[in-house]
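Since the structure is predicted, the reported quantities are computational estimates derived from the model, not experimental observations.
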Amino acid sequence: TVDYMKLDHEDNPALGYRAIRICLTRKDFFKTQLRALLRASAYGNMSIMFPMITSLRELQDAKAVLDECRAELRAEGKKFDEKKFEHACENANRTAKAWLKVCDYLQYKPAPYSGFDLFNHMADVVTARARVEAAEAFEQLAKDLDETIAKGETTTPFPEKYRVMFEGIPCWPKLPALFNPLKPHGVNGTAVVYAPAFGFVYNNIDEMARAYYKAPNSVCIEQGVDWREGICRDNKVDGVLVHYNRSCKPWSGYMAEMQRRFTKDLGIPCAGFDGDQADPRNFNAAQYETRVQGLIEAMEANIQAKEAK
């Protein structure tokens with residue numbers, strides 16, 4: 001850390017008195033930065049990210065300081081763009097609604113596309129949701145999928161035999177390695193937890209904070225299970241493939257209990273595999289393929305048992 005701030009020594013500074021916690025206790029320092037950012041907004045596009053937020057209260061306190069800076073600049077007659085966030089919200093909501101509509105098409109049987117396609121589109125909905133181009137792209141994709149369904153076709157490059165929910169953040173460096181073992185067996189990812197989680201709709205910073213605090217790994221296990229089981233029912237899945245993600249302990253920590261509840265409540269088999277959303281060294285292709293094969297055998301046995309009743 002910079003010497004002039006004269007911060008005390010900490011054994012693990014990355015998790016301690018840093019970022020927004022410094023800003024909220026050093027408001028003179030924080031307000032100088034916010035005032036400069038607000039004034040810069042009068043001359044071009046500008047966005048503010050509050051760093052390392054850990055609670056709704058921190059975000060609300062930071063917003064209060066930002067509002068204080070706005071009031072000061074108005075009183076001083078200094079220019080800044082007050083409408084930028086409103087416009088960003090309008091575009092982001094338009095994108096989110098189109099994105100959620102695209103996600104809902106996985107409910108059709110057979111699905112008009114693979115849930116892994118959503119992973120490929122997530123870069124846009126995560127990083128460009130406030131841009132008109134993102135909203136237009138997903139609205140066009142929804143129209144294309146309407147046409148695909150009307151023709152009774154699918155873009156999935158194999159006939160759909162089994163439908164599974166993919167639970168967790170994918171192993172981004174190994175995305176093809178996740179998808180390829182599913183194709184020969186007709187396994188389609190028709191329910192995805194991570195993708196629709198980014199369908200946030202909000203009109204101000206408080207609503208934005210509350211929306212983000214409803215993300216799949218930000219809620220209690222009861223809410224998390226209810227939400228996921230609803231997706232499984234709506235999207236008619238035969239099994240669940242669970243990623244134990246070493247880079248996201250809050251998500252992976254309760255996966256074993258979720259697997260138990262999915263099988264008990266829904267009567268479907270689950271299979272888990274080890275991996276990492278960022279580090280490819282933590283993904284073992286042989287283990288994954290074995291788990292996929294075991295899930296396929298369990299789904300087939302489950303389907304035959306239901307047909308025999």
Side-chain angles (χ1 to χ4, degrees), residues 47-54 56 59 85 87-107 111-142 144-145 165-173 175 178-179 189-220 223-232 234-235 237 240-243 245 247-252 255 258 275-278:
S47 299
I48 297 174
M49 181 186 74
F50 295 131
M52 297 176 68
I53 294 288
T54 61
L56 179 59
L59 186 59
F85 186 73
H87 294 322
C89 282
E90 291 173 2
N91 293 335
N93 289 345
R94 180 180 168 190
T95 299
K97 291 173 183 176
W99 173 250
L100 290 174
K101 184 176 181 181
V102 168
C103 292
D104 284 344
Y105 283 106
L106 285 176
Q107 296 180 15
Y113 65 96
S114 167
F116 277 77
D117 293 336
L118 292 179
F119 293 145
N120 290 323
H121 291 305
M122 282 191 67
D124 296 324
V125 77
V126 172
T127 64
R129 60 186 297 115
R131 297 179 63 90
V132 173
E133 294 87 346
E136 292 174 344
F138 289 124
E139 288 168 352
Q140 183 60 52
L141 180 56
D144 293 345
L145 290 171
M165 177 174 78
F166 187 93
E167 166 61 57
I169 304 171
C171 310
W172 297 115
L175 204 55
L178 295 179
F179 183 58
T190 61
V192 177
V193 174
Y194 196 48
F198 282 87
F200 301 121
V201 176
Y202 47 81
N203 298 299
N204 54 57
I205 290 180
D206 284 341
E207 289 183 15
M208 180 180 70
R210 295 180 190 281
Y212 274 79
Y213 271 83
K214 292 181 180 178
N217 61 331
S218 299
V219 298
C220 68
Q223 288 180 305
V225 168
D226 286 345
W227 186 61
R228 289 163 168 84
E229 290 185 352
I231 293 177
C232 287
D234 292 341
N235 294 25
V237 305
V240 180
L241 191 57
V242 179
H243 174 207
N245 180 4
S247 285
C248 191
K249 295 302 181 185
W251 202 312
S252 295
M255 282 301 102
M258 281 202 173
D276 197 296
Q277 69 190 52

Task: Plane angle bin for Phe138 and His121 - parallel if under 30°, tilted between 30 and 60°, otherwise perpendicular - done: perpendicular
TODO: Check whether any side-chain heavy atom of Arg129 sits under 4.5 Å from a side-chain heavy atom of Trp99, and report yes or no.
DONE: no
Task: Cys103 side chain reached by Val192 side chain, heavy atoms, under 4.5 Å - done: no
Please name the pair of heavy atoms, one in [X] and one in [Y], separated by the smallest distance, quoted to 0.1 Å.
{"X": "Gly199", "Y": "Ala96", "value": "C-CB, 3.9 Å"}
{"X": "Phe50", "Y": "Ile53", "value": "O-CG1, 3.7 Å"}
{"X": "Asn235", "Y": "Thr190", "value": "ND2-O, 2.6 Å"}
{"X": "Met122", "Y": "Trp172", "value": "SD-CH2, 4.2 Å"}
{"X": "Pro112", "Y": "Leu145", "value": "CB-CD2, 4.1 Å"}
{"X": "Leu106", "Y": "Ala191", "value": "CD1-N, 4.3 Å"}

TODO: Spell out, as yes or no, whether a donor-acceptor pair under 3.5 Å connects the side chain of Arg228 to the backbone of Glu167.
DONE: no
Open item on the list: I'd like to know if the side chain of Asp124 reaches the main chain of Ala134, judged simply by a donor and an acceptor atom lying under 3.5 Å from each other, with no hydrogens or angles considered.
Closed with: no
Could you give the distance from [atom1] ([X]) to [atom2] ([Y]), rounded to the nearest 0.5 Å?
{"X": "Leu175", "Y": "Leu178", "atom1": "CG", "atom2": "CG", "value": "6.0 Å"}
{"X": "Asp234", "Y": "Glu229", "atom1": "CG", "atom2": "CD", "value": "12.0 Å"}
{"X": "Phe179", "Y": "Asn120", "atom1": "CZ", "atom2": "CG", "value": "9.0 Å"}
{"X": "Glu139", "Y": "Arg94", "atom1": "CD", "atom2": "CZ", "value": "4.0 Å"}
{"X": "Thr95", "Y": "Leu100", "atom1": "OG1", "atom2": "CG", "value": "11.0 Å"}
{"X": "Leu141", "Y": "Tyr105", "atom1": "CG", "atom2": "OH", "value": "8.5 Å"}

Open item on the list: Would Trp227 and Ile231 count as a side-chain contact (heavy atoms from CB on, under 4.5 Å) here? Give the steps.
Closed with: CA-CA 7 Å; Trp227 186 61; Ile231 293 177; 3.9 Å; yes
Task: Pair Tyr194 and Phe119, ring centroids less than 6.0 Å apart - done: no
